[in-house]
2 protein chains.
Amino acid sequence: MTITQLQYVLAVAEHRNFTLAAEKSFVTQPTLSMQVQKLEDELDILIFDRSKKPISITDVGQKIVAQAKNIVAEAERIKDIVDQDKGFIGGDYVLGIIPTVMPTLLPMFLNTFIIKYPKVNLIIKEQSTQSLIKNILDGHLDAGIAATPLEIEFIKERPLYYEPFMGYVPNNHRLAPKEELDTEDLDVSDILLLQDGHCFRDGVINLCQAPANLRDEKFQIESGSFETLVSLADEGMGMTLLPYLNTLEIDTHKRELLKPFVKPTPAREISLIYHKSELKIQITEALKEVISGIVRGAIAFQDVKIISPISKN
Amino acid sequence: MTITQLQYVLAVAEHRNFTLAAEKSFVTQPTLSMQVQKLEDELDILIFDRSKKPISITDVGQKIVAQAKNIVAEAERIKDIVDQDKGFIGGDYVLGIIPTVMPTLLPMFLNTFIIKYPKVNLIIKEQSTQSLIKNILDGHLDAGIAATPLEIEFIKERPLYYEPFMGYVPNNHRLAPKEELDTEDLDVSDILLLQDGHCFRDGVINLCQAPANLRDEKFQIESGSFETLVSLADEGMGMTLLPYLNTLEIDTHKRELLKPFVKPTPAREISLIYHKSELKIQITEALKEVISGIVRGAIAFQDVKIISPISKN
DNA sequence: TTTTTTAATAGATTTTGACTATTATTGTGA
DNA sequence: TCACAATAATAGTCAAAATCTATTAAAAAA
């Protein structure tokens with residue numbers, strides 16, 4: 001049994017296809033097939049059932065795959081130990097970011113980070129919180145940036161900053177006269193929401209203390225971008241809520257439509273999340289330090305009330 | 001990096017000697033040396049400091065060795081998973097037993113076990129509790145039989161039976177007239193003890209609620225076998241305490257000198273102990289079942305009071 | 001210093017891992 | 001149902017590797 005064989009098994013288990021698994025492992029299909037067979041011979045069991053297509057994993061196979069994941073992950077950590085000892089910060093690092101954070105946060109830290117840690121090859125992927133969690137758990141992401149608390153087993157959360165909700169209230173809106181918004185005043189039926197799947201949407205719904213199921217509302221206009229929501233609000237379709245960082249880029253003449261909340265300001269908690277096994281922890285720490293350092297200057301709110309990003313149904 | 005390389009590193013780390021490590025790994029010294037070097041080259045660090053003899057392990061090396069232990073242990077468990085799936089109970093199994101249990105318990109279960117599980121190659125080693133713990137922790141023993149509770153981190157305890165203490169009181173002794181012994185009556189100064197290192201000795205001392213440090217007693221006669229203690233008692237050197245199973249083989253005419261304790265009878269708890277990682281758990285379970293089944297018939301005491309086998313200093 | 005112990009190096013041999021080319025099998029769509 | 005596409009297994013070859021024996025180098029012990 002070799003680590004390579006276990007890696008091949010993992011690739012096949014993941015793609016359910018020897019040819020594709022071989023490609024992803026950068027070897028030819030026969031090479032991978034033979035190594036998997038060799039392991040199966042050595043253990044004298046079948047890991048994969050090839051009698052049907054797509055191939056399936058046998059019962060023992062499932063257990064072996066689970067254990068192989070352990071072993072391969074633990075083996076990768078050897079490299080990590082050495083890097084840490086050398087003080088080396090480098091290599092590929094795949095970071096997932098939720099869409100509502102991506103455009104505002106990424107430009108703030110990206111340049112600083114790649115200058116400070118030139119040997120890290122940072123690969124950024126925009127993904128929903130759900131994908132983020134899945135990919136962190138199965139090792140396809142080294143870390144993610146998402147709204148928290150999520151409280152997922154095996155995932156650690158390290159808060160980066162607290163970002164208040166801001167109201168964008170057009171002049172014709174009933175709340176327009178108010179200087180500051182109060183949670184009590186909100187009515188989810190006249191608030192423009194992001195599309196389903198965005199955790200900021202769920203945050204807003206939680207903030208309004210409304211039932212998550214809005215199917216039976218009189219009208220529904222939902223978009224994937226805050227820009228659209230602001231435009232729709234300008235058209236008199238209702239008000240909307242924005243994360244603080246997104247309000248910084250709004251045109252000066254529309255600025256007056258922005259209204260803060262009364263304290264304690266409802267806010268979302270944005271955290272760096274990563275697998276509790278702490279692979280590549282030095283890079284994760286470096287990333288956290290860079291982002292924290294930058295954000296500390298940009299957002300310094302106290303007296304916030306964290307709104308859960310999780311849909312209640 | 002291969003599992004083999006990691007195993008070689010572990011062998012060197014354990015023996016602090018490449019030649020010996022190679023022997024234990026059943027390869028030649030250059031083979032092992034080269035593989036270790038190859039790993040060091042790949043990681044671009046030194047695991048071992050060969051500038052002095054005996055060789056020492058570098059700081060990074062320590063961490064790598066620790067991680068390598070993980071990996072190798074996890075890798076071995078793959079074989080385990082397969083065996084479990086096949087319902088196969090076999091292979092080498094190294095069991096350590098404390099000296100005061102060995103001669104009485106081993107004959108009771110050994111034959112039954114090797115007949116029931118002919119594919120298991122049971123290797124029995126007589127060792128003190130301290131060695132048992134050490135060897136279970138570093139993987140040289142698959143399990144041990146010892147007096148408990150020990151409450152050691154990473155070690156699981158599965159009680160097998162409770163074995164009462166019995167008094168062996170010669171006729172000239174002050175306690176000879178009594179039918180049943182009471183803990184209160186005991187005086188550690190006239191009780192013949194096993195040598196230092198035996199946990200039964202510590203149990204007796206705890207039972208007498210005496211300080212563990214007995215250096216300043218007027219006389220000390222200590223032996224490694226209960227036979228000697230009984231002979232000494234017969235010579236009028238004092239009384240002694242025996243585990244119940246050891247009293248079964250005493251000559252009929254000396255039987256009358258044996259005295260039980262009043263209930264709750266002080267007893268030692270004998271357990272199967274093993275690493276919590278549960279390697280070879282199927283064999284461990286099989287062993288536990290065989291021993292429990294046999295002992296259930298031989299020792300059926302209720303109302304016992306467990307005496308700690310641990311010295312208090 | 002000489003001897004012994006122990007690790008590294010050199011060179012030969014075997015084993016293994018990977019490749020290309022091809023065959024066998026399953027699944028799908030005409 | 002048959003042919004074609006997709007996919008895995010097999011065969012044969014080659015290069016890389018792991019291992020071996022023999023020897024050298026270096027450190028520790030006598």
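A, B, ... follow the sequence lines: proteins, then strands. Residue 1 opens every chain. Everything quoted here is computed from the prediction, not taken from an experiment.
Within residues 32-39 of chain B, the residues that have a heavy atom under 4.0 Å from DNA chain D are, in order of number, B/Q35, B/K38. Looking at residues 56-65 of chain A, you'll see that no heavy atom sits under 4.0 Å from any atom of DNA chain D.
The phosphate of D/dA18 has neither OP1 nor OP2 within less than 4.0 Å of any side-chain N or O from B/T31. Side-chain nitrogen and oxygen atoms of B/N17 include at least one within less than 4.0 Å of the OP1 or OP2 phosphate oxygen of C/dA7. At the phosphate of C/dA8, OP1 or OP2 sits under 4.0 Å from a side-chain N or O atom of B/R50. Phosphate contact (OP1/OP2 of C/dC19, side-chain N/O of A/T28, threshold under 4.0 Å): present.
Panel note: side chain A/E40, backbone A/F48; a donor-acceptor pair is recorded below 3.5 Å.
Side-chain contact of B/Q282 with B/Q84: a donor-acceptor pair under 3.5 Å is absent, judged by distance alone. Side-chain polar atoms of A/D59 and A/Q62 form no donor-acceptor pair below 3.5 angstrom. Side-chain N/O atoms of B/T31 and B/Y8 include no donor and acceptor closer than 3.5 Å.
Note on B/K156 versus B/E278: salt bridge recorded, some NZ/NE/NH1/NH2 to OD/OE distance being below 4.0 Å.
Contacts of B/T19 with the nucleic acid, taken as non-hydrogen atoms under 4.0 Å apart, involve only primed sugar atoms and P, OP1 or OP2. A/F48 comes within contact range of no nucleotide atom at all, as no heavy-atom separation falls under 4.0 Å.
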Residues 12-19 of chain B side chain polar contacts: donor-acceptor under 3.5 Å, at least two apart:
from: B/E14; atom 1: OE1; to: B/H140; atom 2: NE2; distance (Å): 3.4
from: B/E14; atom 1: OE2; to: B/H140; atom 2: NE2; distance (Å): 2.5
from: B/H15; atom 1: ND1; to: B/A11; atom 2: O; distance (Å): 3.0
from: B/R16; atom 1: NE; to: B/A13; atom 2: O; distance (Å): 3.1
from: B/N17; atom 1: OD1; to: B/T19; atom 2: N; distance (Å): 2.8
from: B/N17; atom 1: OD1; to: B/L20; atom 2: N; distance (Å): 2.9

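In the set D/dT21, D/dA9, D/dT19, the nucleotide with an atom closest to the side chain of B/P30 is D/dT21.
Comparing B/S51 and B/F26 along DNA chain D, the residue whose closest nucleotide (by nearest heavy atom) sits nearer the 5' end is B/F26.
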